[in-house]
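The basis for the numbers below is simple: all heavy atoms, side chains too, and nothing from hydrogens, waters or symmetry mates. Numbered from 1 within each chain, the chains take letters A, B, ... in sequence-line order.
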Number of protein chains: 2
Amino acid sequence: MTSDKKSCLVEKLSHYIELDELAESQLASLEEHERTYHRHQEVYSETDELKYLYVVKRGWFYSYTDMPDGRRQIIRVLHPGDIVGFPDIAFEYATSNIRAAEDGCLCPFPKQKLDAIFEKSPRLTALLFLMANRELACVIDTLRAMGRMDARERLAYFFLDLTARLRITNKDMTDTIRMPMNQHEIGDALGLTHTYVSKTIREMENAGLISRKGATLTLAQETRLEDMVDFSDRYSRLDTSWFPS
Amino acid sequence: MTSDKKSCLVEKLSHYIELDELAESQLASLEEHERTYHRHQEVYSETDELKYLYVVKRGWFYSYTDMPDGRRQIIRVLHPGDIVGFPDIAFEYATSNIRAAEDGCLCPFPKQKLDAIFEKSPRLTALLFLMANRELACVIDTLRAMGRMDARERLAYFFLDLTARLRITNKDMTDTIRMPMNQHEIGDALGLTHTYVSKTIREMENAGLISRKGATLTLAQETRLEDMVDFSDRYSRLDTSWFPS
DNA sequence: AGCGGTCGTCAACATAGATTGACGCGCAAG
DNA sequence: CTTGCGCGTCAATCTATGTTGACGACCGCT
């Protein structure tokens, strides 16, 4: 590792199971190399030949897809400690684009590195399998939001999800987060236009549900927001009871 | 196995890699038990305590989530040979509901059965990992459709996806499929009302894009439909080049 | 200090899709 | 043979969100 700080990935995963030395060293080997990106820089694009996955080390990133006519859908926001590229791993060419939401740093590692884990650490294998499927559950939550919620509910869901995710590695976090994405990006994540995002956020603010100050966002009435969207936290607890020992 | 026919799961997976005897027997052990369901019967519900996954043996099923006020989102249609429950595996309680779209049969197996695979078959492990992530990629495609496509495009995407999936195990399939879901269910899968589904399908039929006869559906102009939605087949080919040997 | 870009906001207008209610066909149950 | 229900369809009306265009605040650069 090139950083003195404990790996974000190890920190995030050890929230769920105890990692032995072999597991920790295997995970550390995923972060041997690193590369910095500046705000809005592309990491990779749809149809790139893709042999790598990435670990987020610093900064927010997001994955998205474009349509030929310019319509864009942001799929998922990625935070430090997240693994980037699971949806693309099954294919020779990437299915989505990755971009830096702000200045940050990624650690690329070849798909093949997973082999060593699959062969030697059944327990870590199970955890990676779980992380991929947890991501699936989260994308499904987003799908539910896009299919059946109105604009206000989608925004509530989006903010709640981000907050729940950030709390895993920030135990002492309150109901306030830094929000480095602009309203155009938020709209692309929720299937709305930036004008309507602006209008709806403003209404939510007037209703006392949230408040803003510069680039920070506060969930003033988190419980009410949760009730609005029937929110489930997919991050704080996972079922690892069936793991091999 | 209680059936004389080769397992659907083995058939589907061996489309991607060669399965050795150990792998085949491990997969077969997932289908030791079976249970039949009649059309519209629930398999499991959100908040059920869930220790099982399922292999679809016969018939179409689908997963969905409900909102407290009755809005419903169908997440994914499940065909013979598919594994049911990946998005729920990470949690103690189910995150979605499963229901039979028509009369069919499922094989339940406990999550723990994956342990034996993780411990003894790195190659099969990699394949299961791939299948879960392929499903992620497919849900992301659906998300893109829901976020950024209009009604006609969503329907085109939905029909193309189903057709591509069914072709894996039916090599000689043409552009015609049996469609056992009604328009209300199709609407719930695409975030539309059944009235609007009716109207839009009718328009597509008039435009010569598709045609219907009873419960069968034909993609009369498959290429044009693919161009409309920038369609990618996620089923015919996967990248297994990085698998352990 | 001036300047061009990004970003949020607002208002006027346009429209895709929802809602509601009605009708008819086919089919299974009595 | 009737009855009732699931299902597809159609039309009238309503509404949430998109579209376009404009303006002002802020911020880094010259």
*Given dT9(D), is OP1 or OP2 found less than 4.0 Å from the side-chain N or O atoms of Ser198(B)?*
yes
Taken to the nearest 0.5 Å, the spacing of Leu162(A) CG from Met179(A) CE works out to 6.0 Å
When rounded to whole Å, the CD1 to P distance for the pair Ile186(A) and dT9(C) reads 10 Å
Report yes if a side-chain nitrogen or oxygen of Gln183(B) is closer than 4.0 Å to either non-bridging phosphate oxygen (OP1 or OP2) of dG6(D); otherwise report no.
no
Checklist entry - Under 4.0 angstrom, heavy atoms only, what part of the nucleic acid is Gly214(A) near: base, sugar-phosphate, or nothing? => result nothing
Requested in this report: In plain terms, say whether Arg144(A) and Glu153(A) are close enough for a salt bridge, that is, a side-chain N and a carboxylate O under 4.0 Å apart.
Outcome: no
Per atom distances to the Asn182(B) side chain, the nearest of dG8(C), dC7(D), dT9(D) is dC7(D)
Atom NZ of Lys199(A) and atom P of dT20(D) are separated, to the nearest Å, by 17 Å
Exercise. Check every strand shown and say whether Gly187(A) touches a base, only sugar-phosphate, or nothing at a heavy-atom separation below 4.0 Å.
Key: nothing
Rounded to whole Å, the NZ-C1' distance (Lys213(A) to dG8(C)) equals 19 Å
Between the CZ atom in Phe158(B) and the OG1 atom in Thr163(B), the distance rounded to the nearest 0.5 Å is 10.0 Å
With the side chain defined as heavy atoms from C-beta on, Arg212(B) is closest, among dG8(D), dT9(C), dT19(C), to dG8(D)
Sorted by position of nearest nucleotide on DNA chain D, 5' first, the leading residue of Ala151(A) and His194(A) is Ala151(A)
To the nearest angstrom, the CG-C1' distance between Asp188(A) and dG18(D) comes to 14 Å
Here the distance between atom C1' of dA12(D) and atom OH of Tyr196(B), to the nearest Å, is 15 Å
Whole-Å distance, Arg39(A) CZ to dT6(C) P, equals 10 Å
Atom CG of Leu192(A) and atom P of dT15(D) are separated, to the nearest Å, by 20 Å
In whole angstroms, the gap separating P of dC7(C) from CD1 of Ile201(A) amounts to 14 Å
Within 45° of the axis and under 6.0 Å from the centre of the six-membered ring of Phe91(A), does NZ or CZ of Arg234(B) qualify?
yes
- Please check the phosphate of dC10(D) (OP1 and OP2 only) for any side-chain N or O of Arg202(B) closer than 4.0 Å. yes
Of the candidates dT17(D), dC7(C), dT19(C), the side chain of Thr195(B) sits closest to dT19(C)
Anything under 30° is parallel, anything over 60° is perpendicular, the rest tilted; go ahead and classify Tyr157(A) against Phe231(A).
tilted
Q: State whether Thr193(A) places a side-chain N or O below 4.0 Å from either non-bridging phosphate oxygen (OP1 or OP2) of dG18(D).
A: yes
